[in-house]
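Data first, discussion second: the structure below is written as structure tokens.
No experiment lies behind these values; they were computed from the predicted model shown. Below, read A as the first sequence line, B as the second, and so on, with proteins coming before strands; counting in each chain starts at 1.
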Amino acid sequence: MKINFNMNGKPVEIDVDPSMRFLDVVRDVLHLNGTKEGCGEGSCGACVVLMDGKSVNSCLLPVANAIGHDFVTIEGLKETKEFDILQQAFAEMGGSQCGFCTPGMIIAAYSLLKHNPYPTEAQVREEMSGNLCRCTGYQAIVEAVLKAAKKGAGLW
Amino acid sequence: MVEKYIPASKKEALEVLSKHDCYIVAGGSDLMVMKKNTAGLAPKFDKDILYTSHIDELKGIYEDEAGVHVKAGTTLDEVLNSKLAPALLKKAVSQVASANIRHFATLVGNLANASPAGDTIVVDFLLDAKVKLESVGGERIVDVENFVLGVRKIDRHPDELITELIFPKLDYSGDMWWKVGSRKADSISKVMVAGYWGIRGKIVEKFALSFGSVSIKAVRSHDIEKEIIGLSVSELKARKNEFIEKYGKIVTPIDDQRSNAEYRHKVAMNIVSEFIDKVVGGK
């Protein structure tokens, strides 16, 4: 079945099984491998991508539900000023260690700051609770997001 | 061969359902896990699938004399950001899964999956929500307490589509929501309790409690509520233990991987006790 959506600013038309996971379309059809598969059941957030500016678990999204929406993966976000700020904040605060969760963390942080540019620490912890990290213990990630919020004031 | 339908409108969706028995996928957050396949392969569905998430006429929240209508395609995030949605419902929604999932999972999907641990179902029961179902033959409206039949069982005929969840307007002076889980966010509950009350003069004019994760479906006792409504505050205070005992008989949890029956029962009764204290304390 023909499926149309926008990916990283460009229109995409693919002919796939509409019940396919969007994650598999992103990685195996579009070859955007920055998006990772962790748990495959919506708990870990390694696979989140932006759908119309909000973070969604691509492992739980049938590609049928992608029709007509605008998506951004970490590869698309890389071209933005917001990404530079987030990347720098994560580097400075030690918010990334093995790096597997990091694309999902950056996407979730972007989604949070886009809708709440000045979050409290509690809001960062709550909003990013769907993104798991086995290395950092979260403190460094929370500090990185708060730092990015401060540095990018007005940008989000 | 499993067929997949992506209808352009509600009318087309109802026509598909009139001819084919389908899984209805709105957000997909539950079904994609239930039907999960090996990584890299599409989920395994054993019958036809109808996708509804792109149908605009199934999205949105509006209000009329019957109450607040949440259309079936409305996401949990949209409920959370709505000025019309009942405050108690929003409290429950804010604790469903994670923000990532709330961005695409739907309120009606949480009801339609009829998990005994479905967070928002407890509030649907408490707030006397009504389920609107449509088919090519017409529509019907069912009380949510009758709509949920058991574990993952609902009163939906194969040709019907749930199109709305309707919350009638209720006036009460206080409400409470508890979700007891293993972590603060992104958890599946061990026990849930929702309640509201209203006091006029020194009389308990309104009183309702519903429970989740303690039975095959959410639980509410209109009989106990009827006994309490009309009592004076001091009478309710004096008879508190009697009512806790009565609630103790309708709360029948089981042991599972998240918790055990004894803990769940104890916690639920502690919450009933705290709730009654709150009601008689007038806070």
Q: State, to 0.1 Å, how close Pro18(A) and Ile6(B) come at their nearest heavy-atom pair, and which atoms those are.
A: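 That closest heavy-atom pairing would be CB-CD1, 4.0 Å.
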Q. Do you know the tightest heavy-atom contact between Ser129(A) and Ser98(B)?
A.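 In terms of heavy atoms, the two residues are closest at OG-CB, 4.2 Å.
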Counting C-beta onward and ignoring hydrogens, is there a side-chain heavy-atom pair between [X] and [Y] closer than 4.5 Å?
X         : Y         : answer
Phe104(B) : Asn65(A)  : no
Arg21(A)  : Asn37(B)  : no
Ser111(A) : His103(B) : yes
Met32(B)  : Pro62(A)  : yes
Arg102(B) : Glu127(A) : yes
Tyr51(B)  : Ile67(A)  : no

Q. What option among Asn57(A), Asp24(A), Val56(A) has the most heavy-atom pairs under 4.5 Å with chain B?
A.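 Max contact count across the listed options: Asn57(A).
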Q: Could you check which of Ser55(A), Gly130(A), Ala64(A) has the highest count of heavy-atom pairs closer than 4.5 Å to chain B?
A: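 Most heavy-atom pairs within the cutoff with chain B belong to Ser55(A).
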Residue [X] versus chain B: region with a heavy atom under 4.5 Å:
X        : answer
Cys39(A) : backbone
Met1(A)  : side chain
Leu50(A) : neither

Given that the side chain runs from C-beta out, which part of [X] has a heavy atom under 4.5 Å from chain A: side chain, backbone, both or neither?
X         : result
Ala105(B) : neither
Ser94(B)  : backbone
Lys4(B)   : both

So with a 6.0 Å cut-off around [atom1] of [X], is the heavy-atom count from everything else above 12?
X         : atom1 : result
Lys78(A)  : NZ    : no
Lys47(B)  : NZ    : yes
Lys114(A) : NZ    : yes

How long is the span from the [atom1] atom in [X] to the [atom2] atom in [Y], to the nearest 0.5 Å?
X         : Y         : atom1 : atom2 : answer
Asp30(B)  : Glu41(A)  : CG    : CD    : 11.5 Å
Ser43(A)  : Ile101(B) : OG    : CD1   : 6.5 Å
Asn100(B) : Leu60(A)  : CG    : CG    : 10.0 Å

Q: Among the options Leu41(B), Val25(B), Val2(B), Asp77(B), pick out the one with the most heavy-atom pairs lying under 4.5 Å from chain A.
A: Asp77(B)
Q | Verdict with supporting geometry, Ser19(A) and Lys35(B), side-chain contact (heavy atoms from CB on, under 4.5 Å) | A | CA-CA 10 Å; Ser19(A) 66; Lys35(B) 305 295 174 189; over 6 Å; no
